[in-house]
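Data first, discussion second: the structure below is written as structure tokens.
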2 protein chains.
Amino acid sequence: MSKLWGMPDRPDLAAMAIPLTRALMAAETPILREHGLSMWAYGVLLGLDERPVRTQAALAESIGADKTRIIRVLDDLQRRGLIERSPDPADRRVRLLSITPEGRRLRDAAQAGIRRMEERLLSRLPDDDREAFVRVLRILSALPSQEFR
Amino acid sequence: MSKLWGMPDRPDLAAMAIPLTRALMAAETPILREHGLSMWAYGVLLGLDERPVRTQAALAESIGADKTRIIRVLDDLQRRGLIERSPDPADRRVRLLSITPEGRRLRDAAQAGIRRMEERLLSRLPDDDREAFVRVLRILSALPSQEFR
DNA sequence: GCATATCGTCTGCGTGCGCTTACGATTTGG
DNA sequence: CCAAATCGTAAGCGCACGCAGACGATATGC
């Protein structure tokens, strides 16, 4: 860990994370397109299972989207029978969101394609390193934003 | 590494990398702003030392920018005396780019602030894990895009 | 009962960005 | 010598997105 004349020992995290994220997204896009999904649509399908949400706004927040902007996405997913929206009897303002079996199948198929791409990518790494990387990425990505200061 | 009923053992890499990258960028922005730098300006200053470049287009490519969009950034950095552009005697179309001592100082100061933020973030991790994470991130971020398929 | 808040929805505004075109100047290669 | 390519530059177009405001319907709290 030596520093040579002001040269940092490693690039900034963001300087590495940005191109990686760009490349991952670029790789995902055609895979998702094969399944007729945009990245936001896929994000919605992911968000509907991993974390049960009872308002659209909460879903939007959990997937990092703008609640107003995902309306169109939700409309389309609903039209295609991939999600359902039903009124919440406990609060008539709210529409409960759920994924249909068909939605689950499509999401899982897309995810399998993405997983294959990822495994090819990670296969160049030693097992320890890839496990540590995933572990740390998971921890850091789940941190609340006030931890980044 | 067990899979329970179609539930993946981990989220997609992008699903983790995207929020992390967003958070890192959001954290960097005020640090850079304190030094009067936008993210692209900072990217230019970083790109001018780590990889000598002889055309503006090559610099833009190396930092993931659009060559037409960074003209304004370069203009501003030059106006502030942070970079220099000089004609290349070997090719009169080209303007050679270099960072000034002042530019280097500003970049290093900004980078020190970012490094402090990052160390605070990474300090919650075991040493092995953080080293492995940085090592892998470095490797993956440097891969050419055709490796993501 | 009523002021305030929240839900989903629609729309507007401003900004940034990818990509393209066009241009003048210069270089390259046949 | 000349066609094609490349450089930096300026600007246009379309799109995505963050954010905000407005609205009708509904819920909450005093």
Side-chain angles (χ1 to χ4, degrees), chain A residues 14 18-19 21-30 32-33 37-44 47-48 52-79 83-98 145, chain B residues 14 18-19 21-30 32-33 37-44 47-48 52-79 83-98 145:
Chain A
I18 290 172
T21 300
R22 279 178 164 207
L24 287 171
M25 286 168 71
E28 280 198 10
T29 305
L32 295 177
R33 198 184 298 116
L37 294 171
S38 67
M39 287 205 74
W40 283 125
Y42 180 60
V44 166
L48 278 184
V53 285
R54 58 172 288 280
T55 71
Q56 290 178 192
L59 172 73
E61 182 169 354
S62 76
I63 67 172
D66 180 280
K67 74 169 184 181
T68 64
R69 294 294 176 207
I70 65 163
I71 305 284
R72 192 71 63 84
V73 177
L74 295 176
D75 288 347
D76 185 62
L77 290 173
Q78 181 178 11
R79 183 181 53 75
I83 67 166
E84 276 171 351
R85 301 195 216 174
S86 38
D88 181 355
D91 183 342
R92 302 227 334 263
R93 298 171 300 183
V94 167
R95 303 229 267 171
L96 298 174
L97 296 174
S98 57
S145 50
Chain B
I18 290 172
T21 299
R22 279 179 161 204
L24 287 171
M25 287 167 71
E28 279 198 11
T29 304
L32 295 177
R33 198 183 297 116
L37 294 171
S38 67
M39 288 206 73
W40 283 124
Y42 181 60
V44 166
L48 279 183
V53 286
R54 60 170 289 281
T55 72
Q56 290 178 193
L59 172 73
E61 182 170 353
S62 76
I63 67 171
D66 180 280
K67 73 169 185 183
T68 62
R69 294 287 177 211
I70 64 162
I71 305 285
R72 193 69 65 82
V73 176
L74 295 176
D75 288 346
D76 185 63
L77 290 173
Q78 182 179 11
R79 186 181 51 75
I83 66 166
E84 275 172 351
R85 300 196 216 173
S86 38
D88 181 355
D91 184 342
R92 299 212 355 248
R93 298 172 299 184
V94 167
R95 302 228 269 173
L96 299 174
L97 296 174
S98 57
S145 50

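A, B, ... follow the sequence lines: proteins, then strands. Residue 1 opens every chain.
I70(A) places its CD1 atom 17 Å from the P atom of dT11(C), with the value rounded to the nearest Å. Atom CE of M39(B) and atom C1' of dT15(C) are 17 Å apart (whole Å). The distance between atom CD of Q78(A) and atom C1' of dG8(C), rounded to the nearest whole Å, is 12 Å. Atom pair I71(A):CD1 and dG8(C):P shows a separation of 7 Å (rounding to whole Å applied). Between the C1' atom of dT15(C) and the CG atom of D66(B) lies a distance of 16 Å, rounded to the nearest Å. Distance K67(A) NZ to dA5(C) C1': 11 Å, rounded to the nearest Å.
Remark: R93(A) pairs with D91(A) by the salt bridge (charged side-chain N to carboxylate O under 4.0 Å, His left out) rule, at least two apart or across chains. When the side chain to side chain contact (heavy atoms under 4.5 Å, CB included) test is applied to A23(A), the partners found at least two apart in sequence or on another chain are F148(B). Legend: residues meeting side chain to side chain contact (heavy atoms under 4.5 Å, CB included) with S98(B), ordered by chain and number and at least two apart, are E84(B).
Closest non-hydrogen pair, W40(A) versus I63(A), comes out as CZ3-O, 3.4 Å. Summarising the geometry of A14(A) relative to P19(A), their closest heavy-atom pair is O-CD, 4.1 Å, with the distance given to 0.1 Å. Here the closest heavy-atom approach between residue A60(B) and residue K67(B) is recorded as CB-CA, 3.6 Å. The minimum heavy-atom distance between S62(B) and L59(B), with the atom names listed, is OG-O, 2.9 Å. Heavy-atom minimum distance, A41(A) versus S38(A): N-OG, 3.0 Å.
Nucleotides of DNA chain D with any atom under 4.0 Å from a heavy atom of chain A span, from 5' to 3', dC17(D) to dA27(D).
Below the 3.5 angstrom threshold, one finds no donor paired with an acceptor across the side chain of R72(A) and the base of dG8(C).
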Please tabulate, for side-chain N and O atoms in residues 68-77 of chain A, each donor-acceptor pair with protein atoms closer than 3.5 Å (sequence neighbours left out).
residue: T68(A); atom: OG1; partner: D66(A); partner atom: OD1; Å: 2.3
residue: D75(A); atom: OD1; partner: R85(A); partner atom: NH2; Å: 2.4
residue: D76(A); atom: OD1; partner: R79(A); partner atom: NH2; Å: 2.3

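Less than 4.0 Å separates DNA chain D from at least one heavy atom of each of the following residues of residues 85-97 of chain A: D91(A), R92(A), R93(A).
Closest to the side chain of T55(A), out of dG8(C), dG12(C), dT11(C), is dG8(C).
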